[in-house]
Amino acid sequence: MTTPKLALTDDAAATLTVEALIIGTVQGAQGPEPAPGADEVAAAFDGDLSKALAALGATGKADEVVKLPAGSSLNAGILVATGLGKPGSDGEFTAESVRRASGAAARALPGVTHAATTLSLVDLSATVQGTVMGAYSFTRYKSESGDDPVGKVDLLVSGGVKDETNKATLKGATAIGEAVNTARDLINTPPNDLFPASFAERASELGRSAGLEVEISDADDLRKHGYGGILGVGGGSSRPPRLVRMRHKGAKGAKKVALVGKGITFDTGGISLKPAANMDEMTSDMSGAAAVVATMVLAAKLNYPLEITATVPMAENMPSGTAYRPGDVLTMYGGKTVEVLNTDAEGRLVLADAIARACEDGPDYLVETSTLTGAQVVSLGKRTPGVMGSDEFRDRVAELSQATGEAGWAMPLPEELRGDLDSRLADMANVAGHRWGGMLAAGHFLREFVSEGVSWAHIDVAGPAFNASSPWGYTPKGGTGVPVRTMAAVLADIAENN
Ligand code: BES
Ligand code: MN
Ligand code: ZN
């Protein structure tokens with residue numbers, strides 16, 4: 001990951017000497033129109049910009065990027081017109097439309113060393129985030145890396161380059177974009193290189209250099225303390241599990257927040273083996289853990305005035321002679337017993353241990369995330385995380401997630417589903433005997449490990465964490481970094497409003 005150099009500028013757009021000048025386009029009734037912030041650029045075209053865009057087939061819709069010669073009235077080489085779509089009923093463009101347009105533009109500029117954008121005049125924060133996320137590329141495993149992502153982007157602002165608000169916005173939005181990209185790097189690292197021990201090591205390096213306290217428990221430590229869920233799931237792999245704990249002490253007497261993320265470095269399903277089709281995508285089954293690690297690094301960087309502790313279980317779910325079996329009964333951290341009826345429902349088992357441990361610290365809030373269930377993808381699709389948890393806090397998390405553009409949606413935990421997790425042998429089974437409401441059944445399972453009085457939310461990102469199809473907006477192929485921005489927003493909101 002390399003972040004483009006970002007700098008505020010209040011020079012006139014026409015005077016900017018850049019290879020590419022980015023403007024927004026709007027889907028108007030009569031065709032494409034220059035977006036707010038692009039007036040000066042449009043003026044340089046003597047009112048003919050809309051005509052030029054239309055002639056090139058542009059419409060102004062989201063994810064459309066059209067390049068045209070900038071002409072002699074501008075100092076730029078090319079104009080990059082990126083679609084914002086239609087404005088909302090209030091005539092305004094949402095932050096997400098600006099983020100997305102900025103991301104699409106950044107993705108269209110590999111090889112360009114210096115660009116400038118006018119979208120920052122509409123929404124600086126969204127432009128910065130979109131640009132940082134859109135310029136992401138992961139080439140570690142390519143012999144020939146091809147063109148570098150855009151190297152430098154000047155951001156036009158009206159309030160002045162020395163304006164404290166502008167400077168703080170640039171810093172905060174850059175940090176958030178970089179946190180997303182940190183998560184993506186971890187997710188995109190293949191499972192032969194990213195396994196529990198190496199993941200824990202990497203998390204520790206990232207955490208320590210950001211100023212976090214980090215503690216890694218190996219399999220012996222886990223045995224000593226009775227982490228039956230993590231040990232059960234990790235038992236089939238020659239590469240033993242880990243539990244990483246990270247702490248940010250932002251302020252004394254501050255609210256305590258616990259973060260938990262699922263870190264299955266590869267999920268074969270175990271003895272309940274998955275079908276071969278698309279199994280490679282299970283390299284992303286540690287996306288929750290990646291998001292939590294990245295969010296912790298961000299929390300340290302932005303020094304949120306909160307006490308935040310992350311508990312991150314890491315294991316590889318493999319079938320082998322030492323693997324756990326369907327039929328096994330595991331004793332989880334804290335003493336609850338679980339009958340394993342399907343070894344592919346492993347995420348909830350490692351999370352249960354981590355949740356129980358996290359709750360020992362007496363947090364006010366617990367935010368967890370995972371690629372928990374295929375049922376999330378069935379119910380909400382590839383781009384909409386499911387948010388479950390305590391009613392009030394769940395709704396708050398979903399609402400904040402909407403505002404970030406990550407689009408989390410509140411889901412219920414219907415009471416009648418709980419009984420389906422009853423076990424013949426143990427306190428609970430790890431799956432219901434049917435496939436109805438699969439995400440919600442998993443939510444019920446997790447709820448059993450959350451202590452009374454803790455405001456809790458789980459974000460299931462099974463679909464949204466990994467983009468196996470084409471890039472769009474600021475989202476590349478591969479790891480997406482969802483839900484880093486939601487967690488960052490939740491932390492910022494707790495810091496501000498308790
Ligand atoms: N890691 C999977 C969930 C998943 C599915 C993530 C698709 C990303 C894309 C999880 O461990 C799993 O296998 N869940 C099972 C649970 C079932 C056995 C109750 C599932 O959803 O099929
Ligand atoms: Mn699984
Ligand atoms: Zn899994």
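For the numbers below, each heavy atom of this structure counts, side chains included, while hydrogens, waters and symmetry mates do not. Whatever order the structure lists ligands and atoms in, that order sets their numbers, starting from 1.
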Within 45° of the ring axis of Tyr474 and under 6.0 Å from its six-membered ring centre, is that where the NZ or CZ of Arg107 lies?
no

Does the plane of the ring in Phe393 sit parallel, tilted or perpendicular to the ring in Tyr365? Use 30° and 60° as the thresholds.
tilted

Which atom name does Asp267 have for its N/O/S atom nearest to the Mn ion (ligand 2)?
OD2

Assess, by modelled atom type and distance only, whether the side chains of Thr189 and Arg140 contain a donor and an acceptor separated by less than 3.5 Å.
yes

I'd like to know if Glu307 and Lys249 make a salt bridge, using a cut-off of under 4.0 Å between side-chain N and carboxylate O.
no

Close to the Zn ion (ligand 3), meaning under 2.8 Å, how many protein N, O or S atoms are there?
4

Rounded to 10°, how many degrees is the angle OE1/Glu346-the Mn ion (ligand 2)-O/Asp344?
70°

Is the shortest distance from a Lys or Arg side-chain nitrogen in Asp361 or Lys256 to a carboxylate oxygen in the other one below 4.0 Å?
no

Arg348/Glu368 salt bridge by N-O under 4.0 Å criterion
no

Using a 3.5 Å cut-off on N/O to N/O, what pairs does ligand 1 make with the protein? A line per pair would be great.
unit_1	atom_1	unit_2	atom_2	d
ligand 1	1 (N)	Lys262	NZ	3.3
ligand 1	1 (N)	Asp267	OD2	3.2
ligand 1	1 (N)	Asp285	OD1	2.8
ligand 1	1 (N)	Asp285	OD2	3.0
ligand 1	1 (N)	Thr371	O	3.4
ligand 1	11 (O)	Lys262	NZ	3.2
ligand 1	11 (O)	Asp267	OD2	2.9
ligand 1	11 (O)	Asp344	O	3.1
ligand 1	11 (O)	Glu346	OE1	2.8
ligand 1	11 (O)	Glu346	OE2	2.9
ligand 1	13 (O)	Lys274	NZ	2.8
ligand 1	13 (O)	Asp344	O	3.0
ligand 1	13 (O)	Asp344	OD1	2.7
ligand 1	13 (O)	Asp344	OD2	3.1
ligand 1	21 (O)	Gly374	N	2.6

Of the options Arg485, Lys171, Lys301, which is the one that meets Glu178 in a salt bridge (Lys or Arg N to Asp or Glu O under 4.0 Å)?
Lys301

Under 4.0 Å between a Lys/Arg side-chain N and an Asp/Glu carboxylate O for Glu406 and Arg383?
no

Quickly, which of Met246, Arg245, Arg247, Glu205 forms a side-chain contact (heavy atoms from CB on, under 4.5 Å) with Val214? Name it, please.
Met246

Parallel, tilted or perpendicular, as decided by the 30° and 60° cut-offs, for the rings of Tyr136 and Phe138
parallel

